[in-house]
Amino acid sequence: MTSYVECISFCSITGHSASTAVMNGGGAHYYSEEESKQDGGGDTDGGEDSNEQEVIVIQDTGFTVKIQAPGTEPFDLQVSPQEMVQEIHQVLMDREDTCHRTCFSLQLDGNVLDNFAELKSIEGLQEGSLLKVVEEPYTVREARIHVRHIRDLLKSLDPSDAYNGVDCNSLSFLSVFTDGDLGDSGKWKKKGSDLEQIDCTPPEHILPGSKERPLVPLQPQNKEWKPMQCLKVLTMSGWNPPPGNRKMHGDLMYLYMVTVEERHISITASTRGFYLNQSTTYTFNPKPANPSFLSHSLVELLSQISPAFKKNFTVLQKTRVQRHPFERIATPFQVYSWTAPQVDHTMDCVRAEDAYTSRLGYEEHIPGQTRDWNEELQTTRELARKNLPERLLRERAIFKVHSDFAAAATRGSMAVIDGNVMAINPGEETRMQMFIWNNIFFSLGFDVRDHYRELGGDAAAHAAPTNDLNGVRAYGAVDVEGLYTLGTVVVDYRGYRVTAQSIIPGILEREQEQSVIYGSIDFGKTVVSHGKYLELLERTSRPLKVQRHNVLNEKDESVELCSSVECKGIIGNDGRHYILDLLRTFPPDLNFLPVEGEELSPESVRQGFPRQHRHRLACLRQELIEAFVEHRYLLFMKMAALQLMQQKANKESKMATLTENSSPEAAVPALPSTENPDASAKSSETSTETLTDATTINASQETPTEDNVIPTVTTNGPSVPVATAIQNGECESPLEGKAEAEDSIPGLAQAKELAESLAAEDGSGIDPKSREVVLNACKAVGSISNTSFDIRFNPDIFSPGVRFPEDSVDDIQKQKQLLKDAAAFLVSCQIPSLVKDCLDHSALPMDGATLTEALHQRGINVRYLGNVLEFVDKTPAKAQLEHFYRIGISEMITRCAKHIFKTYLQGVELSALSAAVSHFLNCFLSSFPDAVAHLPADELVSRRKNRKRRNRVPGGGDNTAWASLTPSELWKNIVSEAQSYYNFTLHCENADQVVEKYGLQKITLLREITIKAGIQILIKEYNFDSRHKLAFTEEDILNIFPVVKHVNPKASDAFHFFQSGQAKVQQGYLKEGCELINEALNLFNNVYGAMHVEICACLRLLARLNYIMGDHHEALSNQQKAVLMSERVLGVEHPNTIQEYMHLALYCFANGQLSTALKLLYRARYLMLMVCGEDHPEMALLDSNIGLVLHGVMEYDLSLRFLENALAINSKYHGPRSLKVALSHHLVARVYESKAEFRSALQHEKEGYTIYKNQVGEAHEKTKESSEYLKYLTQQAVALQRTMNEIYKNGSNASIMPLKFTAPSMASVLEQLNIINGIIFIPLSQKDLENLKAEVQRRQQLQESGKSMEELTVDGPLELEDKIPMDVNVD
């Protein structure tokens, strides 16, 4: 079996990695001395530091081989020893001159090389070896692959696959704006020095203050996409397959083509190649024509027959090869576009064939056609992971199988909903049907057989799959050897939720009752357990914070579990231990689970909790559990430290009385430090105070007797610290608190040591006093152990139907309290900390997706959105959170609309789908008061005929009910949905009121709803505001896409390298940081292939480091890759893509490419207007950038429009006294100075000066600089006035002193650009500073700008970021 699966993982891996190998020259090879000793269980890295020393990277030096293909000159190819022969095949199939060959072998001295052999294992292969490309005879499979490959080459510039969301193609528009300026991935064409030719005027809709939000510029037309036609038709012939007698002549299949010259031809694919035969459309004559033009490749054949083909194919391949590889490589998961132009539908045999087979992409490479997904998913998990090379291979295989599985599951789910798959229980009602397709099991998100009746029926059945997926993700991340989860993908499509799962071997032959040997199939009425499962799950209990606990079964016997009761254990026929139904992996969220007789903590009650939710499956997020435990750990440490200090104070005062006669050394053996007792007592008091401030534990601790310390805390329940801290409006996020705590509490280090030694020695060798300290602290924070800090949750608490044994009553009480505390922690700590982060701009959501991400990172579920918005509404600084509030409202409205749309779509039959969707969008967004649906005429006819026919659509009732929806009814429903789901009152009756009241944009709402619901619309200008005409017609709805949720397997080693690299950079070691991040990039490429969100973050950081270290070219090249990748993987208008565009513009400017920099900034501004509108703090940064560049090219009036807008936005969001505002004033003043309007310049600089003086004091160099500049402006103003007076007095014969009008130097503009983008050259370690100085001086001599380094190194980098700025937000 293994060899088969290895073969699979090889086949599937090479598909993706071919391109990476080309780009990275194969990557590095790793050996590690210690790792081989470690066992493969669990994580094998010993923290970040050990990681760095452990891995000794031996870069395997690549070597060059010569390749000789028929009919071409030999050429050199750089290869690396770990590449497989297969990868050379891929390179040849991609090269311009050999791309038309697919069926060949590589031979070294007449010996055929094995495709799956690594190059280093081939004897005699060395530097300079000659590899011959030898044409091999075709088989049917090879002939199909050849035709598919030729079709792919002909379509290589055609974007229709990207618009249609197939084969992991996606859009990218960067090249439209760079016009090849960035050269071939970083080769340079210098254009920037001539300022004269640049046209800087942006289109009207990009200027500040414009209300127009056009949609068409979102997808600018790329000139290259007008496809060159090489062939009119290429399709399979109707004469296939060849009859027996022709098979024996070597015929494999027949093709039919029409050339551009309108010549109709029939072609035979035979074992020897392709030739013309004499068949026509209606007569079969397979004999070779005369001449037959027998050729080994179709391209050679067609080039002989059709001159137009020959000419156009050559041009096409040249263009294809010139495109950046990142525009062509497939992404790991499909990205869908919510807009598309009308794409011509062309005849395409390969697409037609794919549609009717269950094949997916590369599957014809695999024997046996359908893939055994479960076997592949589990076998890749079982691969060895003892050292780095093994882990890389394992993670790469896991990632590849997952992305293939997600694609197959998505395709299957769509087939199921579209009615193309036969149910395995066809006799049952449609909503109860289950399906199997391509070895994947599909079920619909409805409450079948009242399974979820007590938990909320269909609502629970809809929520369960995503909860289950979160469970699968969590157990997958813990990655315990021997414990297996199912491949799981959740797909929302056409209003239905489909769960796709891999199939446990043998499960379909058995009854469920027989196969479940752990857990419960009826929510806890009957429960069973199993020793092996307990042992496996025990290993997940610490990382997942799950408490081992007992429950009662139907016979009242106590059964031990280490998960929730719903989690079922099944041993498959393959002997593997599977767990499934992980929907309650995380503990319940009591804020949304009213339980009779249970009182929540006061913070929750104050916020109106508990609230009834749609279903009883509301769980806390894993991120919340982590944050809560972190918070408790801090509390634990502080309390232990406090008590230790008090004990010490007591001891010392006793000692002091004892040891008046004896020597102090002997007297105080127990104490780690001998200070005088007074100081110690004092420090104990101060520590008590600092602690009381930090965690507000009752202040009765002045009397240092241990007995009354802890009880005061426990009687109030551990939630006191949380509550009171919040009333002061501040609750530090756990991480901030950590650093403070370390400094402020003297005993903390001891407490740490104590806690660690207790954990190490079972507490036997430690004096009882210290043990008591830990015991008290443990009790106070709700730890399940009395000797060490250990918080875990029992996920079965409050589950209906689960009963606990009598003897665990205390424990259950403790657990209930812990859950209440966690729920309180969410509302009283996490929500305020999110809002605080938004206030100080460390969190900057721009759209619904980034808002959701910000909530999730802090463990806040989206169902709390109403509470978050209410909290913002009551915040004193509400004005500075306007952007956040607006995005929140927009997210709430579109989510409510999506809920309604889901049920709305379920009642629509397929033929009316586009009419129904356009009608819904009209009701949602159009100002037209009585939107009327147009029922398609043909639908009415078919309904009359087939009244009797059972409707195939699950849950379909009356199929025209959708047409009666009106705008006012839809908005009523949205308002009531917001009230019932989010407990938030929206004040609006239609789209126009929403726009008016909350300042939303219709285009933004359109983008959000189409992305959430998977709708694709025609890209054109929609008139939402017409009161006489509908905005959408059914022709405008192009497609409905699935919305897919799946697990994202991680590249753990790469991620550790990335983090250590970031840490090094933060400490100021740029060189080392840069090396680590390059290493991370290599490993990421090894695991994910070339395209991935994390690689994007890696490239962005590298570019930033290159830039800071002065290598502008390299920065540009890396950032270009980051932009392309962000467009391809996240979407062309995703907020991250907008940020990437801004970075790229800065590096373009630094490289003297001013016009490109401007185009990129204008593109970023357009996207941002579309995604969130003009009123957003990030817009200030963007406009400052644009204004500075325009200033640099002497477009002063235009520059002022942008800079003054930035000033206004900065004043609004950072407060008028902020240093950012001072900087904005300064930038505006500089432009006025250039225009010689000194009065306005003085006015703005004075404002800036005042802010500096008040914020950082007279002595600060910023204040001094500002005051110098003021003097200079005053002199200039006086000189100007003198000249004017002179002119007035003496008329034309006045002697005029030439005035100095300063056009800004590029260096000074770049300096300001660096400052506003937070790139400041900081004095770091002395060594780094020297290097940096040398580097900068070298560059400045080149630029001859005569600025000295000292001016660049700002001493105290103000608030503009104290570290070298990093973008730490990695997904």
Report yes if the side chains of [X] and [Y] come closer than 4.5 Å at any heavy-atom pair, otherwise no.
X: L294; Y: R272; value: yes
X: L1102; Y: C1074; value: yes
X: Y1166; Y: E1133; value: no
X: V1093; Y: N1048; value: no
X: H89; Y: F104; value: yes
X: L231; Y: L154; value: yes
X: E118; Y: V85; value: no
X: S156; Y: R328; value: no

Does [Y] offer a backbone N or O that forms a donor-acceptor pair with the side chain of [X] under 3.5 Å?
X: Q68; Y: T72; answer: yes
X: N1151; Y: Y1147; answer: yes
X: T1137; Y: L1130; answer: no
X: T98; Y: M93; answer: no
X: D167; Y: N169; answer: no
X: S170; Y: R1128; answer: yes
X: R1104; Y: A1115; answer: no
X: E1140; Y: S1126; answer: no
X: T314; Y: K310; answer: yes
X: N164; Y: V166; answer: no

Worksheet item: Does H1092 have its ring centroid less than 6.0 Å away from the ring centroid of F399?
Response: yes
Item to complete: Compute the ring centroids of Y138 and F274, then answer whether they are less than 6.0 Å apart.
Response: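 Centroid distance Y138-F274: below 6.0 Å, so yes.
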Item to complete: Using side chain to side chain contact (heavy atoms under 4.5 Å, CB included) as the criterion, point out the one residue from I1019, L218, L1038 that pairs with W338.
Response: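 With W338 as partner, I1019, L218, L1038 yield a single side chain to side chain contact (heavy atoms under 4.5 Å, CB included), made by L218.
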Worksheet item: What residue among V233, I267, T235 forms side chain to side chain contact (heavy atoms under 4.5 Å, CB included) with M257?
Response: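 Between M257 and the candidates, side chain to side chain contact (heavy atoms under 4.5 Å, CB included) is satisfied uniquely by I267.
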Under 3.5 Å, is there a donor-acceptor pair between the [X] and [Y] side chains?
X: S306; Y: T259; result: no
X: H1143; Y: Y1107; result: no
X: Q219; Y: S337; result: yes
X: S172; Y: E327; result: no
X: Q1016; Y: Y336; result: no

Item to complete: Output every pair passing salt bridge (charged side-chain N to carboxylate O under 4.0 Å, His left out) with a member in residues 255-271, not counting sequence neighbours, ordered by first then second residue.
Response: K232-E262
Can you tell me how far the [atom1] atom of [X] sits from the [atom2] atom of [Y], to the nearest 0.5 Å?
X: T331; Y: M1091; atom1: OG1; atom2: CE; answer: 7.5 Å
X: H324; Y: L1124; atom1: NE2; atom2: CG; answer: 5.5 Å
X: N1082; Y: I1077; atom1: CG; atom2: CD1; answer: 13.0 Å
X: F63; Y: L119; atom1: CZ; atom2: CG; answer: 5.5 Å
X: M1125; Y: R1100; atom1: CE; atom2: CZ; answer: 12.0 Å
X: R148; Y: I150; atom1: CZ; atom2: CD1; answer: 13.0 Å

Discussion item. If you apply the rule side-chain contact (heavy atoms from CB on, under 4.5 Å), what do you find for L1160 with C1148, and how did you get there?
Written reply: CA-CA 9 Å; L1160 296 170; C1148 272; 3.9 Å; yes
Measure across [X] and [Y] and return the closest heavy-atom pair with its distance rounded to 0.1 Å.
X: V260; Y: C230; answer: CG2-O, 3.2 Å
X: L276; Y: P291; answer: CD1-O, 4.3 Å
X: F173; Y: P220; answer: CE2-O, 3.5 Å
X: S403; Y: P332; answer: CB-O, 3.2 Å
X: R396; Y: N1086; answer: CD-O, 3.1 Å
X: V1132; Y: L1167; answer: O-CD1, 3.5 Å

Item to complete: Determine, stepwise, if the pair L171 / V335 fulfils side-chain contact (heavy atoms from CB on, under 4.5 Å).
Response: CA-CA 9 Å; L171 298 162; V335 178; over 6 Å; no
Item to complete: Only counting residues at least two apart or in another chain, list the ones meeting side-chain hydrogen bond (donor to acceptor under 3.5 Å, both in side chains) with D161.
Response: K155
Worksheet item: Can you name the residues that form a side-chain hydrogen bond (donor to acceptor under 3.5 Å, both in side chains) with T102, not counting sequence neighbours?
Response: H146
Checking [X] now: which residues fulfil side-chain contact (heavy atoms from CB on, under 4.5 Å) with it, not counting sequence neighbours?
X: S295; result: E300, L301, Q304
X: N111; result: none
X: Q317; result: E96, C99, L153, F313, R320

Worksheet entry | Working for side-chain contact (heavy atoms from CB on, under 4.5 Å), residues T271 and T139 | CA-CA 6 Å; T271 48; T139 58; over 6 Å; no
Discussion item. Can you confirm whether E127 is buried at CD, in the sense that more than 12 heavy atoms of other residues, nucleotides or ligands lie under 6.0 Å from that atom?
Written reply: yes
Worksheet item: Between K400 and D404, is the closest basic N to carboxylate O distance under 4.0 Å?
Response: yes
Discussion item. Please determine whether side-chain hydrogen bond (donor to acceptor under 3.5 Å, both in side chains) holds for the pair Y1141 and Q1119, giving the CA-CA distance in whole Å, both sets of side-chain angles, and the decisive distance to 0.1 Å.
Written reply: CA-CA 9 Å; Y1141 263 98; Q1119 187 59 32; over 6 Å; no
Discussion item. Applying side-chain contact (heavy atoms from CB on, under 4.5 Å) to T268 and L255, what does each step give before you reach the verdict?
Written reply: CA-CA 6 Å; T268 299; L255 303 170; over 6 Å; no
